[in-house]
*Asks:* 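I have a structure I would like to understand better, so I am pasting it below and will then ask my questions one at a time.
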Amino acid sequence: MSVANAGLAAGATSVQAENPPPTAKDLGGPAALADEDHPIAPDQFDPRYETTKWEIWSYYCYYIGNNGLTLFNFGPTLFQDLLYEAAGDGGTLSFLGSTRTINSIVLLANGISFAIQVILFLIIGSFADYGTWRPWILIFWSVVAWAIGFGFLGVHTIDKWHVATGLYMVGLIAYQMCITFWTAAFPGLARNTVEMRMKAEEYEAREIDRDKYDYADMMMRNRLQNVAFIMQSLGEIFILAVLVGILFALDVNASTENNLWGLSVLIAYASGVWVVLAIPWFYFEKKRPGQDLPPGMNIVSVGFWQLYRAFTQIWRLKQTLIYLIGYFLLGDSLNTTVTVIATLQNTVVSYNTLTLTYLLIVGITAQLVGIFAFWTIQKRFHLSTKTMFDAIMVGIILLDAWGMIGIWTQKFGFHNEWEFWLYQVWYGLFVCPWYSYSQIMISEVTPRGKEFLFFALFSIMGKTSAFIGPIVSSAIIDASPTGNNSLPFYFLLGLSLLSFGLLAFFVDLKKSRREQEIFLAEEKAVKERRASYVSPTGRSLAVSDGSGSGSPTIGKTGVKV
């Protein structure tokens, strides 16, 4: 191997094979000059961890299984249907010490669930970038999700609505934990592909410049995430087709009891499919090691140290911070919008399982077309992730604007069944790409090697927004003399417009890449200084930190000199 491929050769023995700190410096010192003389790709490659086709397809399969039908679609529907039947003509139930409407209970349960998720992400996500055990996080939460999915088989009668509430809240936690830690793996998969190794060789041979290398990196991440979404949509259509047959076999339209039982069976069926499709990923995933533990730390303490570093140093990642705030605002708007519309939809179609399933099939088909169209347009016209993301935000704004019409009239604004068929089409074509491109945007503003931490931080912001929005919306509905369920769209449209202005005009991904390189180089220096303070036995030593302050140094015997 030529000298120009030194970065690739170094990767063969590096334990940080997935996303090591870049060797390119942007600090203006001698290292920067050395990099100009000898460019080294920001990613290193270990042949043992090179991404295989089987690994990529098993990654897609997991997402087909974790399609949301269990705990994100039918779980909430069964929960709300039980509330509706238990409430009777009065339309209210006693929940957490107060008499509340069904919509208010649903929104409050969402808020509690998402608040718990924040705590879990703080504890788990902060140290997932270290060591080799992090794949077990996904396995553990997958098992929890499956247990809840099968557990719904015993919860389909009115007297069990309290149990359904608990399963619903824990189920949301398990689902979000699974989807977050599955998603956080895709930057590592993309950057260990054969194609990216070849691009690294071209860059180090000066056949391409850094911008072209970064563009290839961006497009590879876009390809993996978008194709995963396309495959999930295709698979979900087949799963739903089988599901329709199950509904007819159970004769869900015969009675309320049959409808509730049908929902329980659907959740268990979708959970079983998830189990089968998840196992290949657990087998084929290459257990790529994360970062080495800093001297004197264990897997628990390093998590809190990294979390502290992230919260205190993120101010230096200005573009990351801007996107974090915008992601919070837009996530708040979209999560609550979907919840409010789903609640209105369930009421209008009277929780009819067959109708809801047909609506889902239309929505998933539109989602497939939408993601495919976005990805095709992006490749054809060489558009950036940011451009595609901006287009999606316009779709969200128009959705909220339509909902706001329903405040003043019953003719439009999610009051009629035909509107929900139209909503499924619009949502699939122009809004669903958010779930792919928002995650790709996170990878754009995340320093290499910090994926699990930063995806967890963004999930925390997403969950924070997801419980603030529903609680605010619940309060708006409860405060309304008429209990108008469309009133939250005032709040939601304002949030969407605010986040659009922030994200569209103030996020610059090129600036973000420069900030990330500086951040990683400075953190590497911090770790090196820490290592010099700690002896092989873990004892602290007093050494100079290189600041020129005249601090004592250490001789060979460890004595101050």
Side-chain angles (χ1 to χ4, degrees), residues 51-74 135 138 142 145-146 175-176 178-196 218-244 269-286 357 360-380 385 388 392 424-425 427-443 455:
T51 304
T52 66
K53 289 183 178 180
W54 283 107
E55 189 177 14
I56 290 175
W57 280 102
S58 66
Y59 181 75
Y60 296 159
C61 280
Y62 183 92
Y63 194 31
I64 295 172
N66 188 13
N67 49 51
L69 289 177
T70 55
L71 306 177
F72 193 72
N73 292 114
F74 289 118
L138 182 59
S142 296
W146 301 336
Y175 170 76
Q176 294 294 345
C178 288
I179 205 68
T180 296
F181 285 101
W182 170 84
T183 304
F186 86 89
L189 280 180
R191 288 166 177 162
N192 280 279
T193 56
V194 174
E195 293 89 340
M196 286 309 300
M218 177 195 73
M219 291 304 289
M220 181 57 68
R221 284 179 283 114
N222 273 269
R223 189 184 87 179
L224 280 182
Q225 189 68 1
N226 283 318
V227 173
F229 212 103
I230 291 169
M231 292 297 104
Q232 188 255 23
S233 300
L234 275 172
E236 192 169 354
I237 290 172
F238 284 104
I239 293 170
L240 286 169
V242 175
L243 189 147
V244 171
Y269 155 70
S271 297
V273 173
W274 183 1
V275 172
V276 172
L277 293 176
I279 291 174
W281 171 243
F282 298 153
Y283 178 77
F284 286 110
E285 181 190 8
K286 294 188 175 181
T357 302
L360 265 178
I361 292 175
V362 171
I364 298 302
T365 303
Q367 170 184 292
L368 170 62
V369 175
I371 286 288
F372 182 79
F374 268 73
W375 173 228
T376 301
I377 291 170
Q378 183 180 13
K379 288 190 298 180
R380 173 67 178 80
T385 306
M388 309 309 294
I392 296 165
Q424 292 292 343
V425 174
Y427 182 73
L429 291 175
F430 302 108
V431 179
C432 274
W434 150 270
Y435 298 104
S436 178
Y437 281 96
S438 66
Q439 301 304 305
I440 300 168
M441 281 289 291
I442 294 174
S443 73
F455 271 86

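FYI, the numbering just counts along the sequence from 1.
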*Asks:* Please step through side chain to side chain contact (heavy atoms under 4.5 Å, CB included) for the pair Leu360 and Leu69, ending with a clear verdict.
*Replies:* CA-CA 9 Å; Leu360 265 178; Leu69 289 177; 3.7 Å; yes
*Asks:* More than 12 heavy atoms of other residues, nucleotides or ligands under 6.0 Å from CZ of Phe282: is that the case?
*Replies:*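 Atom CZ in Phe282 is crowded, with more than 12 foreign heavy atoms closer than 6.0 Å.
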*Asks:* State which residues pass side chain to side chain donor-acceptor pair (under 3.5 Å) with Tyr175; sequence neighbours excluded, sorted by chain then number.
*Replies:*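 For Tyr175 there are no side chain to side chain donor-acceptor pair (under 3.5 Å) partners, ignoring immediate neighbours.
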*Asks:* Flag the pair Thr385 / Gln378 as yes when at least one side-chain heavy-atom distance between them is below 4.5 Å, and no otherwise.
*Replies:*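 Yes, their side chains come closer than 4.5 Å.
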*Asks:* Would you name the heavy atoms of Ser142 and Cys178 that are closest together and state the gap between them?
*Replies:*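 Scanning both residues completely, I find the closest heavy atoms to be N-SG, 3.4 Å.
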*Asks:* Could you pull out all residues at least two apart from Phe284 that satisfy ring pair (Phe, Tyr, Trp, His ring centres under 6.0 Å)?
*Replies:*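 Applying ring pair (Phe, Tyr, Trp, His ring centres under 6.0 Å) to Phe284 gives Trp54.
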*Asks:* To check you understand the geometry: which heavy-atom pair defines the closest contact between Ser436 and Gln225, and what is its length?
*Replies:*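 Taking Ser436 first and Gln225 second, the nearest heavy atoms are OG-CG, 3.4 Å.
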*Asks:* Quick one: OG1 on Thr365 to CG on Leu240, what's the gap to the nearest 0.5 Å?
*Replies:*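 One finds 8.5 Å between OG1 of Thr365 and CG of Leu240.
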*Asks:* State, with a plain yes or no, whether a side-chain heavy atom of Ile377 is found less than 4.5 Å away from one of Arg380.
*Replies:*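 Sidechains of Arg380 and Ile377: no contact.
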*Asks:* If I take atom CD1 from residue Ile440 and atom CG from residue Asn222, how far apart are they, to the nearest 0.5 angstrom?
*Replies:*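 Taking CD1 in Ile440 and CG in Asn222, the distance rounds to 4.0 Å.
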*Asks:* Could you tell me whether the side chain of Thr193 and the main chain of Thr51 form a donor-acceptor pair under 3.5 Å?
*Replies:*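 It does not hold such a pair.
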*Asks:* If you compare all heavy atoms of Met196 against all heavy atoms of Ala190, which two are closest, and at what distance to 0.1 Å?
*Replies:*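 Closest approach of Met196 to Ala190, heavy atoms only: CG-O, 3.2 Å.
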*Asks:* Would you check, one step at a time, whether the test side chain to side chain contact (heavy atoms under 4.5 Å, CB included) holds for Asn66 with Trp281?
*Replies:* CA-CA 12 Å; Asn66 188 13; Trp281 171 243; over 6 Å; no
*Asks:* What's the verdict on side chain to side chain contact (heavy atoms under 4.5 Å, CB included) for Tyr60 and Ile230, showing C-alpha distance, side-chain angles and the deciding distance?
*Replies:* CA-CA 9 Å; Tyr60 296 159; Ile230 291 169; over 6 Å; no
*Asks:* If the plane angle is over 60° it's perpendicular, under 30° parallel, otherwise tilted; pick one for Trp274 and Trp146.
*Replies:*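 Perpendicular: the ring planes of Trp274 and Trp146 meet at over 60°.
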*Asks:* Please work out which of the three classes, parallel, tilted or perpendicular, describes the rings of Phe229 and Tyr63, given edges at 30° and 60°.
*Replies:*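 Ring orientation of Tyr63 relative to Phe229: perpendicular.
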*Asks:* With a 4.5 Å cut-off on side-chain heavy atoms, are Gln176 and Phe72 touching?
*Replies:*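 Of all side-chain heavy-atom pairs linking Gln176 with Phe72, at least one is under 4.5 Å.
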*Asks:* Stepwise, does the side chain to side chain contact (heavy atoms under 4.5 Å, CB included) test hold for Tyr435 with Ile371?
*Replies:* CA-CA 10 Å; Tyr435 298 104; Ile371 286 288; over 6 Å; no
*Asks:* Between Leu138 and Tyr62, which heavy-atom pair has the shortest distance, and what is it?
*Replies:*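 It is CD1-OH, 3.3 Å.
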*Asks:* In chain order, what residues pass the salt bridge (Lys or Arg N to Asp or Glu O under 4.0 Å) check against Glu55, with sequence neighbours excluded?
*Replies:*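 Scan of Glu55 (salt bridge (Lys or Arg N to Asp or Glu O under 4.0 Å), adjacent residues dropped) gives Arg288.
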*Asks:* Tell me if a side-chain donor or acceptor on Asn192 pairs with a main-chain N or O of Gly188 at a distance below 3.5 Å.
*Replies:*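 Yes: the side chain of Asn192 pairs with the backbone of Gly188.
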*Asks:* Do Ile239 and Ile64 touch side chain to side chain, with heavy atoms closer than 4.5 Å?
*Replies:*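 A side-chain contact exists here, since the closest heavy-atom pair is under 4.5 Å.
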*Asks:* Distance from Met231 atom CE to Tyr59 atom OH, nearest 0.5 Å?
*Replies:*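 Going from CE on Met231 over to OH on Tyr59, the span is 14.0 Å.
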*Asks:* Taking all heavy atoms of Arg191 and all of Ser443, pick out the closest pair and write down the distance.
*Replies:*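 So the two residues come closest at NH2-O, 4.2 Å.
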*Asks:* At their closest point, which heavy atom of Gln367 faces which heavy atom of Ser233, and how far apart are they?
*Replies:*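 Minimum heavy-atom separation between Gln367 and Ser233: NE2-OG, 2.7 Å.
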*Asks:* Is Val244 close to Ile361 at the side-chain level, that is, under 4.5 Å between some pair of heavy atoms?
*Replies:*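 Ile361 vs Val244: side chains touch.
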*Asks:* Would you say Glu195 and Arg223 make side-chain contact, with heavy atoms under 4.5 Å?
*Replies:*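 SC-SC contact between Glu195 and Arg223 confirmed.
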*Asks:* Applying the side chain to side chain contact (heavy atoms under 4.5 Å, CB included) test to Phe374, which of Asn226, Leu429, Ile392 qualifies?
*Replies:*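 Of the listed residues Asn226, Leu429, Ile392, the side chain to side chain contact (heavy atoms under 4.5 Å, CB included) partner of Phe374 is Ile392.
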*Asks:* Is a side-chain donor or acceptor of Trp57 paired with a backbone partner of Thr52 at a separation under 3.5 angstrom?
*Replies:*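 Side chain of Trp57 to backbone of Thr52: no pair is present.
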